[in-house]
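Reviewing the structure listed below.
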Amino acid sequence: MLLLLILTSSFCAHVLAAATKQTCSLRPLGHGKDDTDQVEAAISKCGHFGTIAFAPGEYNITRKMTWDLVESHIDLHGYLSFIPDIEYWLDANNTYRVIFIQDQASWFVITGRDFVVDAHNTGGIDGHGQTWWSYYSDNNITREDGDGRPVSLTLFNVTRGTIRDFRIEAQPFWCNAVAESSEVLYDGMLCNATNTDPDYAGQNIVPNTDGIDTYRSDHVTMLNWDITCGDDCLAIKGNSTNILARNITCRGGNGIAFGSLGQYEQLNDIVDRVDLEDIAMIRLDPQVQPNMVSGVYFKSWDGSVHGTPPTGGGGGGGFVSNVVSRNVSLDQVTEPIHLYQTNGGQSGDLPSTLQFSNLSFIGWSGTAERDTIVDIECSPAAPCPNMLFEDVDIQPPSGEAPIYTCMNVVSQTGLPGEHATGLF
Ligand SMILES: *[C@@H]1O[C@H](CO)[C@@H](O)[C@H](O)[C@H]1NC(C)=O
Ligand SMILES: *[C@@H]1O[C@H](CO)[C@@H](O)[C@H](O)[C@H]1NC(C)=O
Ligand SMILES: *[C@@H]1O[C@H](CO)[C@@H](O)[C@H](O)[C@H]1NC(C)=O
Ligand SMILES: *[C@@H]1O[C@H](CO)[C@@H](O)[C@H](O)[C@H]1NC(C)=O
Ligand SMILES: *[C@@H]1O[C@H](CO)[C@@H](O)[C@H](O)[C@H]1NC(C)=O
Ligand SMILES: *[C@@H]1O[C@H](CO)[C@@H](O)[C@H](O)[C@H]1NC(C)=O
Ligand SMILES: *[C@@H]1O[C@H](CO)[C@@H](O)[C@H](O)[C@H]1NC(C)=O
Ligand SMILES: *[C@@H]1O[C@H](CO)[C@@H](O)[C@H](O)[C@H]1NC(C)=O
Ligand SMILES: *[C@@H]1O[C@H](CO)[C@@H](O)[C@H](O)[C@H]1NC(C)=O
């Protein structure tokens with residue numbers, strides 16, 4: 001009886017959707033033309049209960065754009081090419097501010113429910129980042145959180161959305177963000193922030209080009225990612241729960257971050273149940289990207305408040321727990337496993353009360369550039385219970401002995417005791 005009911009209702013839903021199904025297709029208008037109008041028209045006609053096919057090529061996007069998608073399927077065979085007009089995008093009126101944390105800007109927001117955007121590995125977004133990176137370096141402009149550089153692809157207020165085989169070339173700033181969303185699947189994502197300006201060879205002029213930042217989101221799955229960046233490959237920020245990342249290649253940058261957390265005094269940041277599996281960190285040619293900092297690192301602001309977000313902050317509480325990293329390979333990483341709770345700190349500050357617990361590191365291999373393989377420095381106000389290390393076998397520079405440091409750790413399993421220091 002129950003089964004029959006389910007079958008009947010899904011049959012009705014199917015017939016209803018089919019009856020109202022709209023199909024749109026579009027192709028680029030060509031050089032010098034603006035595609036924004038035709039893209040918005042297709043989304044408004046077919047974005048609910050429809051399908052949209054973008055033919056290959058470059059779609060010239062000249063202003064901010066939201067796709068509101070409901071039970072729809074988008075085949076994006078080409079690239080949305082966001083004009084590299086920096087002054088234009090930095091005007092706050094020309095971007096959205098849907099990402100609460102650090103007041104980050106977005107030029108392209110996808111929202112809605114039950115959709116698939118499939119870029120077939122032939123399309124996605126062209127961010128023209130080189131123009132941005134060189135501009136900031138040529139003019140010696142300081143880059144700060146919330147300064148208006150736009151996130152390339154923002155998912156906001158999404159329920160059951162899929163992004164598939166999507167390429168983001170040259171993100172100027174964060175490549176992806178997912179905020180206030182649940183049941184999001186990213187299967188196949190390429191982000192590539194690679195400087196090719198010879199004036200800056202050997203420097204990291206692509207800071208803040210994070211692969212993704214997750215915030216206030218539940219059940220986010222990231223499969224088959226290939227991220228080249230100068231910052232966090234993945235950044236798990238406050239209120240990210242039930243996160244799975246599997247088969248992630250990080251080329252250059254800072255590694256996988258938890259944080260920063262505790263930036264907002266009045267908000268607890270909760271990070272719970274995160275699984276990282278089959279992760280590879282690859283150091284690039286230092287002329288292309290000099291940094292390959294961590295495998296996984298955890299950071300919170302300290303317990304005192306210094307200024308206000310987006311650039312200042314601190315004093316926020318919360319916890320990070322039940323994080324498992326499994327099968328992680330490292331290629332000449334500087335600080336493989338690192339935890340610190342002194343972001344934004346000054347001498348005499350209060351210690352952070354944000355607690356890290358139940359962190360597991362299983363099946364880590366590869367090479368490090370320094371002897372300190374594990375450096376876990378928990379806050380004295382929130383010592384860390386249940387740190388587990390299993391098959392962590394990372395080689396320091398040749399002939400040297402690994403160093404494992406644990407400070408304010410309540411209990412750990414798996415590290416040789418003679419190398420560990422601090423409270424147990
Ligand atoms: C994009 O459209 C603008 C007009 O809004 C035009 O000036 C510009 O040349 C176009 N860019 C490309 C690459 O076609
Ligand atoms: C942004 O738009 C608001 C409201 O339209 C306006 O008051 C403000 O002057 C604009 N700001 C800029 C920098 O153009
Ligand atoms: C760049 O700016 C910083 C301050 O923001 C200054 O210390 C530095 O000297 C400047 N460099 C150049 C080459 O002008
Ligand atoms: C989020 O989406 C729902 C519909 O799915 C809508 O009712 C709600 O207003 C949206 N919230 C925001 C903040 O946009
Ligand atoms: C990223 O872009 C650079 C420069 O265009 C290129 O050399 C490199 O192969 C690209 N990386 C990936 C993983 O596609
Ligand atoms: C891992 O992801 C890459 C794309 O980054 C893909 O080419 C490869 O097939 C994936 N491997 C597996 C085992 O799925
Ligand atoms: C996270 O969720 C908790 C409730 O579960 C809430 O109190 C807190 O303000 C949220 N934090 C953020 C950053 O939204
Ligand atoms: C470990 O991860 C790598 C990708 O980094 C993958 O090729 C390999 O199959 C994984 N090994 C196991 C045992 O899952
Ligand atoms: C940490 O793990 C233990 C044992 O599995 C569990 O009892 C505890 O609730 C976990 N802590 C948190 C904060 O989830």
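All ligand and atom numbering here is 1-based and tracks the order in the structure.
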Next on the checklist: Taking the cut-offs as 6.0 angstrom to the six-membered ring centre and 45 degrees off its axis, would you call Arg216 and Phe100 a cation-pi pair?
Outcome noted: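 Output yes; distance and angle both within limits.
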
Checklist entry - Checking Lys237 against Tyr215: charged group under 6.0 Å from the ring centre and within 45 degrees of the axis? => result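 Geometry flag: not set, cation outside 6.0 Å or 45°.
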
Donor-acceptor contacts, no H, no angles, side chain residues 384-395, under 3.5 Å, sequence neighbours left out:
from   : atom 1 : to     : atom 2 : distance (Å)
Asn386 : ND2    : Asn358 : OD1    : 2.9
Asp393 : OD1    : Gln395 : NE2    : 3.0

Next on the checklist: I need the atoms of ligand 6 closer than 4.0 Å to a non-hydrogen atom of Asn247, numbered in the order shown.
Outcome noted: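 Those of ligand 6 that fall under 4.0 Å from Asn247 are 1 (C), 2 (O), 3 (C), 8 (C), 10 (C), 11 (N), 12 (C), 14 (O).
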
Next on the checklist: With heavy-atom distances below 4.0 Å as the criterion, list the atoms of ligand 6 near Trp225.
Outcome noted: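 In order of number, 5 (O).
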
Checklist entry - Applying a 4.0 Å heavy-atom criterion (strictly less than), which segment of Glu58 is in contact with ligand 1: side chain, backbone, both, or neither? => result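 Glu58 to ligand 1: no contact under 4.0 Å from either part.
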
If the threshold is 4.0 Å, N to carboxylate O, is there a salt bridge linking [X] and [Y]?
X: Glu71; Y: Lys21; value: no
X: Arg370; Y: Glu400; value: no
X: Arg326; Y: Asp275; value: no

What are the polar N/O contacts of ligand 5 with the protein below 3.5 Å, with distances?
from     : atom 1 : to     : atom 2 : distance (Å)
ligand 5 : 2 (O)  : Asn192 : OD1    : 3.4
ligand 5 : 2 (O)  : Asn192 : ND2    : 2.4
ligand 5 : 11 (N) : Asn192 : ND2    : 2.8

Checklist entry - Given Phe108, which of Phe166, Phe156, Trp89, Trp67 fulfils the ring pair (Phe, Tyr, Trp, His ring centres under 6.0 Å) condition? => result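 Filter result, single survivor: Trp67.
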
Checklist entry - Thr62 to ligand 1: N or O pair under 3.5 Å? => result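 Checking ligand 1 against Thr62, no N or O pair falls under 3.5 Å apart.
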
Next on the checklist: Polar contacts were defined as any N/O atom of the residue lying under 3.5 Å from an N/O atom of the ligand; does this apply to Gly32 and ligand 1?
Outcome noted: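 Yes - when backbone and side-chain N and O of Gly32 are compared with those of ligand 1, one distance drops under 3.5 Å.
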
Item to check | Audit row: Asp226, Arg251, salt bridge (charged side-chain N to carboxylate O under 4.0 Å, His left out) steps and yes/no | outcome: CA-CA 8 Å; Asp226 189 325; Arg251 304 177 196 273; 2.8 Å; yes

